[in-house]
Number of protein chains: 2
Amino acid sequence: MDGTGTDKLGAPLPTNPTISDVAQRAGVSRAVASRALSDEQRPVSAEKKARVLQAAQELGFRPNLLARSLTTKSVNLVAVVVNHIHDLSDLDLFDPLLAAVQNTGKQVIFVRVGSSDRVESFLRTGVAYHVDAAIVFSDFADAATVRTLFRSELVLMLNGRHDPESPAVIPDERVGIAEAVAHAAAQGVRTAALVTGRPTSVLEQARIRLYHAALAAHGIRLTASLQGDYSYASGHKAGEELAQAPRPDAIFCTSDAMAMGVLDRLRGDFPGGRATTTRLYGFDNLSLTDFDAYPISSIGFDKQAYVAAVIAVLTGAATGPWPLTLPTRFHPRLTG
Amino acid sequence: MDGTGTDKLGAPLPTNPTISDVAQRAGVSRAVASRALSDEQRPVSAEKKARVLQAAQELGFRPNLLARSLTTKSVNLVAVVVNHIHDLSDLDLFDPLLAAVQNTGKQVIFVRVGSSDRVESFLRTGVAYHVDAAIVFSDFADAATVRTLFRSELVLMLNGRHDPESPAVIPDERVGIAEAVAHAAAQGVRTAALVTGRPTSVLEQARIRLYHAALAAHGIRLTASLQGDYSYASGHKAGEELAQAPRPDAIFCTSDAMAMGVLDRLRGDFPGGRATTTRLYGFDNLSLTDFDAYPISSIGFDKQAYVAAVIAVLTGAATGPWPLTLPTRFHPRLTG
DNA sequence: CTGTTAGCGCATTCAG
DNA sequence: CTGAATGCGCTAACAG
């Protein structure tokens, strides 16, 4: 107890008070102080509890939750594992997620995996691996591997690489895609191009299959299939290629950012954002599609519901069977 | 050591091996195991070190860095304190920051303060308060308060509310604003409107003063001053108001998002994004301004340099005097 | 170079 | 209801 400072009576005040300091000041044992300071109801006399609380207050005591975790086996920390956080869709998701997790009394440690090949390097700094739970957006590993990495029972897979044992939440994109394609068909669309993202993602693969099935069901012919990486730039590039050939009646993109790139490259087809010849469909239902310049018809799920589902898993309110699925709907805008 | 599983020889394998398990398996003491597993060079015989490393490998041992921190007093954790992460500018900043911090071998706890009045609620969950350092973007508190909250010596203030004691990095917006206003003046701009963000931020107040000074220096008359909250929606609203009155020659916004809102509302003035009568200037130099639809002239600093400065402070490479300042430059685009 | 001991801050036995 | 003792996983200080 390294004192720097004194209280009103001149007694030394430790700068980093521990529960021992509090106990001493309150004239009780450490155990009593611990019980008094506990969130739960523990046997302490009202009088001593008051003394302890006051002492803690005066000392500015803040329990070292890391030390506490040694005995309780719970750190009140959850890891959020992401590839990166620079997609436009991340803004709509991570902020409410962060708020919701913190509301449960836990804090979030953000683990950015980056390119999957560097995973090894961050394996060494193991702080994250003793968290209470891991929420995995990154598709760097499958459920079994992630479970091994995080010695936690609670590994929540959101990347589609779950197995029957692992809690998982995934959007059910069937309805949304079916609605979008049906909408296109109703507008007389007969040919379409598909602009996709990284093919290594299992979620993306499923999405592509759903598009193929829906297009086939409506007799829409797929004239081109271009691969991007979800980014605006890759959408712009896809638009460039599409501009070379006869335009399809509709362009479906598996991200809104790519649709924005396509839209900008093919502006002539969308005067004022409104579709004339070619119809444009995005994916994610970004809040950015409410901006006037990018009124892109899109497919998306309810972010609040998604976050709520994640929290439910985290708190044990949801118990499977896994995966939990979340309905995805079509949201028409000017381009489609 | 709760065994579930066996190794090749049938010996029980603990699921959550501690250093004791490793030591036992290697046939050495805990201290030797600890030294062998240490990152630094500690006295261990080569032979025993090899045995320990192999045992650790076989057991899948991962040190509990939280327990380690109890004695080393260093958790390898830094807290990043933000109001929220839903501004477009956040995407450009937090991802490289996260990557850079992790590169130093530390992990990041993201603390979202939200509206400042809820600070009390998250005060209780004290996990974050025993971190090695705190990087404070949120303007929820001044340097002295933050220092008290985080018992850390290392509180890096990025919100402008620093004091001489606290390490701080802030953009020097003087040059960028001067350049932008000079650019406008050179185009014959004589009247201007200013669209600002939250006036409670000291950085914002300084920014507004700089605009006033620069405008006055060039004899540009300020015809309107509107207050937004940095968001697209608030910019749209400001554009609405500006549409009611005779247009000023130029509109300066203290965020690109607001400029995007203004631009969309006043599209007629910017056919194809190019300025005709009114010139538009944003702030932040968002990567989004490289999208065709929002070619907004903007003011910003080098994000890489900013992150580098933050890391320099964190690692002790930068030692003051504080604050460190970062030059901000004007980046002309179609609107200005 | 090695092993033993002590202690980080805390919660939890277990006797009183 | 209380307090002394024990241990969580690990490393630092010490003696061999």
Side-chain angles (χ1 to χ4, degrees), chain A residues 1-2 14-52 55-56 59-77 125-127 129-132 151, chain B residues 1-2 14-52 55-56 59-77 125-127 129-132 151:
Chain A
M1 108 147 160
D2 48 344
T15 53
N16 277 292
T18 73
I19 203 169
S20 292
D21 297 317
V22 174
Q24 187 178 341
R25 176 173 254 257
V28 300
S29 73
R30 275 162 39 205
V32 170
S34 170
R35 288 191 279 258
L37 260 13
S38 168
D39 286 333
E40 294 148 46
Q41 206 70 10
R42 308 254 180 196
V44 203
S45 70
E47 179 228 344
K48 294 203 173 180
K49 177 162 187 170
R51 287 221 309 271
V52 169
L59 291 174
F61 170 75
R62 192 114 14 80
N64 183 337
L65 275 72
L66 269 27
R68 173 182 294 175
S69 78
L70 260 187
T71 58
T72 61
K73 302 295 183 190
S74 165
V75 234
N76 280 338
L77 270 181
T125 67
V127 189
Y129 297 108
H130 294 259
V131 296
D132 297 335
R151 270 77 200 279
Chain B
M1 108 147 163
D2 47 345
T15 53
N16 276 294
T18 72
I19 203 169
S20 292
D21 296 318
V22 175
Q24 187 177 343
R25 176 174 255 255
V28 299
S29 74
R30 273 163 40 208
V32 169
S34 170
R35 288 191 277 258
L37 260 13
S38 168
D39 286 334
E40 294 148 46
Q41 207 70 10
R42 308 257 178 188
V44 204
S45 71
E47 180 224 344
K48 294 204 172 178
K49 177 162 186 170
R51 287 221 309 271
V52 169
L59 292 175
F61 169 74
R62 191 115 14 81
N64 184 336
L65 276 72
L66 271 28
R68 171 183 296 175
S69 78
L70 261 186
T71 57
T72 62
K73 302 295 181 190
S74 165
V75 234
N76 279 338
L77 271 181
T125 68
V127 188
Y129 298 108
H130 295 260
V131 296
D132 297 335
R151 269 76 198 278

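In the text below, chain A, chain B and the rest are named by the order of the sequence lines, each starting its count at 1.
For A:R51, the salt bridge (charged side-chain N to carboxylate O under 4.0 Å, His left out) partners at least two apart in sequence or on another chain are A:E47. In this structure, B:Q41 has no side chain to side chain donor-acceptor pair (under 3.5 Å) partners at least two apart in sequence or on a different chain. In terms of the side chain to side chain donor-acceptor pair (under 3.5 Å) criterion, residue partners of B:S74 (sequence neighbours excluded) are, by chain and number, B:D132. Residues forming a side-chain contact (heavy atoms from CB on, under 4.5 Å) with B:T71 (at least two apart in sequence, or on another chain): none. Under the rule for a side-chain contact (heavy atoms from CB on, under 4.5 Å), the partners of B:S38 that lie at least two apart in sequence or sit in another chain are B:E40, B:R42. B:T18 meets the side-chain contact (heavy atoms from CB on, under 4.5 Å) test with B:S20, B:D21; sequence neighbours excluded. Residues forming a side-chain contact (heavy atoms from CB on, under 4.5 Å) with B:A36 (at least two apart in sequence, or on another chain): B:V44, B:K49, B:V52.
With values rounded to the nearest 0.5 angstrom, A:R35 atom CZ is found 12.0 Å from A:R30 atom CZ.
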TODO: For each nucleotide in nucleotides 6-16 of chain D, reading 5' to 3', give B when a protein heavy atom comes within less than 4.0 Å of its base, S when such contact involves only the sugar-phosphate, and - otherwise.
DONE: BBBBBBBB---
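The nearest pair of heavy atoms linking A:V22 to A:A56 is CG1-N, 3.9 Å.
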- [ ] Go through the steps to decide whether A:L59 and A:R25 satisfy the test side-chain contact (heavy atoms from CB on, under 4.5 Å), and finish with yes or no.
- [x] CA-CA 9 Å; A:L59 291 174; A:R25 176 173 254 257; 3.7 Å; yes
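Between its two ends, the helix from C:dC1-D:dG16 to C:dG16-D:dC1 turns its axis by 40°, counting five pairs per end and rounding to 10 degrees.
A nucleotide of DNA chain C counts as in contact with chain B when one of its atoms lies under 4.0 Å from a heavy atom; the first and last such, 5' to 3', are C:dC1 to C:dG9.
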